[in-house]
Amino acid sequence: MRTLYPVKERYLSPKEFLKEANNSNIERTTFIPPKIGGSGYGRFHIVYKTPQLVPIR
């Protein structure tokens with residue numbers, strides 16, 4: 001059994017964002033670029049129109 005909780009906004013990796021990209025519940029998306037010399041490709045800050053249930057990590 002998984003525990004879910006509602007969130008209005010969250011941060012996603014580019015790979016996770018591609019899975020969410022077709023979601024019509026997204027109000028606003030902001031790209032946060034990676035730090036110079038750091039690893040990774042940045043991340044996305046997503047704000048939903050209505051809260052969305054996500055599993056606890």
Side-chain angles (χ1 to χ4, degrees):
M1 185 163 110
R2 294 173 33 176
T3 304
L4 303 173
Y5 65 99
V7 295
K8 179 77 173 161
E9 57 186 65
R10 65 188 205 170
Y11 293 91
L12 299 175
S13 69
K15 188 175 187 177
E16 294 170 324
F17 177 72
L18 288 175
K19 294 177 185 175
E20 289 275 331
N22 294 330
N23 189 343
S24 62
N25 190 30
I26 294 176
E27 179 179 319
R28 182 178 58 227
T29 302
T30 307
F31 175 68
I32 302 169
K35 295 184 179 175
I36 296 174
S39 63
Y41 298 103
R43 59 188 180 156
F44 290 88
H45 177 238
I46 295 179
V47 177
Y48 295 105
K49 294 176 187 173
T50 57
Q52 187 152 351
L53 295 175
V54 296
I56 294 176
R57 292 183 187 195

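Under the side-chain contact (heavy atoms from CB on, under 4.5 Å) rule, I46 has a single partner from N25, N23, T30, L12, which is L12.
Scanning all heavy atoms of the two residues, the minimum distance from G40 to P34 falls at O-CB, 3.9 Å. When all heavy atoms are compared, the tightest approach of E16 to Y11 is OE1-O, 4.5 Å.
Placement of I26 and F31 within a single hydrophobic cluster is found when ILVMFWY residues are connected by side-chain heavy-atom separations under 4.5 Å, directly or transitively.
The environment of OH in Y5 is crowded: more than 12 heavy-atom neighbours from other residues, nucleotides or ligands sit within 6.0 Å.
K8 places a side-chain N or O within donor-acceptor distance of the main-chain N or O of K49, the cut-off being under 3.5 Å.
R10 places a side-chain heavy atom less than 4.5 Å from the side chain of Y48.
With rounding to the nearest 0.5 angstrom, the CZ atom of R28 is 7.0 Å from the NE2 atom of H45.
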